[in-house]
Structures are given as C-alpha cells and as structure tokens.
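Here is the structure we will look at.
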Number of protein chains: 2
Amino acid sequence: MSTIPTATISRLVTYLRILTSLENQGIKNTSSEQLAEEAQVSAFQVRKDLAYFGRFGTRGAGYTVPTLRRELRRILGLNRPWNVAIIGMGRLGQAISDYPHFEQYDFSLKACFDNNAKVIGQTMSGHQVYGMDALPQVVKEKGIDIGFLTVPQAAAQAAADALVAAGIKGILNFAPVVINVPREVHVEPVDFLAGLKRVSFYIINPGLKEELA
Amino acid sequence: MSTIPTATISRLVTYLRILTSLENQGIKNTSSEQLAEEAQVSAFQVRKDLAYFGRFGTRGAGYTVPTLRRELRRILGLNRPWNVAIIGMGRLGQAISDYPHFEQYDFSLKACFDNNAKVIGQTMSGHQVYGMDALPQVVKEKGIDIGFLTVPQAAAQAAADALVAAGIKGILNFAPVVINVPREVHVEPVDFLAGLKRVSFYIINPGLKEELA
DNA sequence: GCAAAGGTGTGAAATTTTCCACAATTCATT
DNA sequence: AATGAATTGTGGAAAATTTCACACCTTTGC
C-alpha cells in the first residue's frame, strides 16, 4: 500500500475505459484475461494492479463489470465533480474549451484565463475570459481544483507559479517544458511534441521495441 | 546497448529542449548538474541516460552545449525531415493543422484525411483534405512517415488499421483508447483525458507522491 | 609545473516493477 | 453431493531501472 507504481495508475485508467465500453455493450461479467487482452498487458499485471487496492473479483467467476467499474471510479477519484480552468486562450486553449464531452467525463470547465488584453472580457465557447490578476479570486469563488496550462513555453513557469499561489491542486501541463511546483501540487505533462520525438527515435531504432508475443 | 528504458528516451527529449534553450541564451557550456536541475532528475540519471549512447562530455569540464545538442538530435532522429499527416479533421485535427511551428520542430505536415464527405476536397489551414480511400496512394507519393490519429474513439482502431496498411511507420494516438498495431509500427499515446484522471487520483492520494528533496 | 577543485563515465548495490506459479475459491454438471 | 473446470489473489523470483561511490580526467590558480 505504501507505494504504487505510476504505471499502475495509467493502466487503471485504461481498465476503467474498457469496463465502460463493456457496460455500454451490455456485458455484465469479465475476467483479468479479457481486460488484459484489450489493454495489451498480461493478466498477471491486471490482477496485481487491482490487488494494490483490494479484492474486487470472485475466484472462479471473474469480475462483475458494473461493480469493478464503480470501484475504479472511486479509486481514481472520479465519483465526485472536479472543477477545471484553462490558462491561456490561444489556439489550444480555445480548442479545449470547445471540447464537447467534458461533463460526461466528470469534469466541469468553470473559467478561462489569459493575460492578453484583447481577449479579456470576451466570451469564448460560452465562457467569459478573465485576466490573470483575477486568478486567486476566481479559483476561490468557483472552487477550481485543476488548471489546464496552455500558454506558450516561455510563459509556462510564471503561469504555473500563479496557479500554485492561487491554491490549485493539480496541473495538466500542455507546454513543452518541465515546470517546477511544490510537492503538494501534482503536474501531468500532456506533450504531443515530445511524443512525436519519441516516435522519431523508435522509427530509426526498430530493434529497441520489446516484444509482446 | 541491447535495451534502453523508455523513460530514458523521454528524458533525452527534455535534455534536448534544455540545451536548445541554453543555446538560445548564448550559453556555451553546461554540466550534468545543470541539466539535472532543469529536468528535475538526478545528475546520476543524466549521465547514465547519456552513457547508453556514448561519451559526450569532458571529464572535469562538462558538456559543450552545441555538441551535445547536435548529438541528441542525431540520437533521436531529428537531424532529418519527417513527413506527417493528420487523420481526422475534427476540432482537434484542425487545431493541430493550424499549429504554427511545425517546420521549426523538424516535422512537415504533408496531408490531411477525413472520411466525412462534407470536408473532403476542402482546404483547411492551407491543406487539402483527402478521403480515407486516398490514404495508400498519398502516403506513398508524399513519403509520409507518421500519422496523427485524431478521429473519435470509436473510429480509432479502423483508422489505425488503414494507416498500417498504407505503410506508415509511427502513430501519434490522440484517441482515448489503446490501439492494436503490428510490432514494427510504433504508437505514442497523447491522451489528455487520461492525464486528467491521473491528476484526480494524485489529488485524492497526496501521500503517494514520491519526494525529490 | 604542481596541487586542488570540478565534473564525467561506469560497475555494482539498492530499489522498484513485472512476471510467474500455485493455493484457494466458485460455478456448472451430473 | 461430488467432481472438474475456471479464475482470482498473492508471495516470491526475476528483470528492469535508479542510485551511488569512486576512479579518472581537465582546468584553474598559484
């Protein structure tokens, strides 16, 4: 219980998606074998990942889809609403604010911020844009938990500092740079340029890909 | 040499960015200590990561910024042009096709695809949109290496199959689903919804974050 | 030209993560 | 009620990754 691999958390998200898909298909029962196949990991791995958090199956019978799904949502903290804000209303910030399925994914977009005077006060995708100076007050008033950092690379650290000062708990960092925050704030990088460069590496080094049977 | 950790490749991308930033600042020399601090890893880790690929520093003196930068670009395969295509011209695909800095990042957007008859033949952000049936021919003619998969979740596997059949070498998968491809094709997930769910988990489990001093 | 300080490269230890075998339990069938 | 097939949960082995100590090389200052 003391320490859980980061990779386990990523896989739990994958298992949850698979369970949601199974539930939508009306499938009531599943097994570590089936989850493993769809997630492209081993069945051992599925069972070990789940074992960090408890016992959710029935020996000999497998797992009940709605039950395991509910448990995974609880483990991941998705059985409660999360309020999010976008920091940086450039192309990417606008595209995200347009994203249609937020509510269905347990997250609620509550505010947008930018420090460009031309957009402050405007409405984008139905959301009013605040100036960065309003951050502390709006975060407090609207109970914002998580910030999407979609500012240019050069502005990322300063914006992150402002988010931390405003009392935000987690940051989804879309900027292609490592940002520095206190330990109690969790940062998840979302970095397609880095992914693109990793693809480049693995294309020119095809031998370095591990097998999967 | 036989096997290199995936995490090492991700860190190499980070080191390269730091070196580019140092070079832009006119800084000529650096050290594993400095790279480690900016990348938020240990100096041991930096040196070990580099050691997988050779010796790039001078004992007692550190690293020369332009030299190490050039070597990392070579290692990552960024000293050559890569041709990319976007598959799925919805909101996300359009936002990416608008992305202004592609050329500067060693990648060249060569084509856009969609299977919606309403957009096929149109021009988006200066790029003509092809139908999916044109994929094999266009990939071949334009020498496309990498596909950005920006279709809805339900369409992702079929689109990935089409990319593989067309002979693509790598896929940047923006769809929130694990796709299944042959071993010789490398897939990198770029999944902000998964990142968001990991943030949720770490916010409700603050004790599970490892320290860094 | 010598000594001291600074900093890389690397084998080995420590830690983390994954893999595996198997005991334990459940369900279906007769 | 008993047997056999199925499938979970888990302790420990194996593998992968990170951490570390230190030998070794360079530069700087005197």
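Below, chain A is the first sequence line, B the second, and so on; all start at residue 1.
For B:Y63 and C:dG9, the shortest distance from a side-chain N or O to OP1 or OP2 is below 4.0 Å. Residue A:R47 has no polar side-chain atom (N or O) positioned under 4.0 Å from OP1 or OP2 of C:dC22. The phosphate of C:dT26 (OP1 or OP2) has no side-chain N or O of A:R55 nearer than 4.0 angstrom. Taking 4.0 angstrom as the limit, A:S32 places a side-chain polar atom (N or O) nearer than this to OP1 or OP2 of D:dT8.
Between the CD atom of A:E33 and the C1' atom of D:dG9 there is a distance of 15 Å, rounded to whole Å. Rounded to whole angstrom, the span from the CZ atom of A:F44 across to the P atom of D:dA15 amounts to 14 Å. In this structure, CD1 of B:I4 is placed 10 Å from P of D:dT17, rounded to the nearest angstrom. Computed from coordinates, the B:E71 CD to C:dG9 P distance equals 12 Å when rounded to whole Å. Per the geometry, CD1 belonging to A:I9 stands 11 Å off P belonging to C:dT17, to the nearest Å. In this structure, A:D49 places its CG atom 12 Å from P of D:dG9, rounding to the nearest Å. In this structure, B:Y52 places its OH atom 8 Å from C1' of D:dT18, rounding to the nearest Å. Atom pair A:F53:CZ and D:dT8:C1' shows a separation of 18 Å (rounding to whole Å applied).
Side-chain contact annotation: A:S108 with A:W82, donor-acceptor N/O pair under 3.5 Å absent. For A:E71 and A:T67, the side-chain atoms include no donor-acceptor pair closer than 3.5 Å. Under the 3.5 Å distance criterion, with hydrogens and angles disregarded, no donor-acceptor pair is assigned to the side chains of B:Y63 and B:N29.
The nucleotide whose nearest atom lies closest to any side-chain atom of B:Q45 is, among C:dT17, C:dA24, D:dT19, D:dT19. For A:S31, taking side-chain heavy atoms from C-beta onward, the closest of the listed nucleotides D:dT8, D:dT18, C:dG7 is D:dT8.
For A:K48 and A:T58, each mapped to the nucleotide of DNA chain D holding its nearest heavy atom, the one lying further toward the 5' end belongs to A:T58.
A:A43 comes within contact range of no nucleotide atom at all, as no heavy-atom separation falls under 4.0 Å.
Summarising the geometry, atom OH belonging to B:Y202 is positioned 8.5 Å from atom CG belonging to B:N205; distances are rounded to the nearest 0.5 Å.
In terms of polar N and O atoms assigned as donor or acceptor, the side chain of A:R59 never comes within less than 3.5 Å of the base of C:dT26 in a complementary pairing.
Aromatic pair B:Y99/A:F192: ring centres closer than 6.0 Å.
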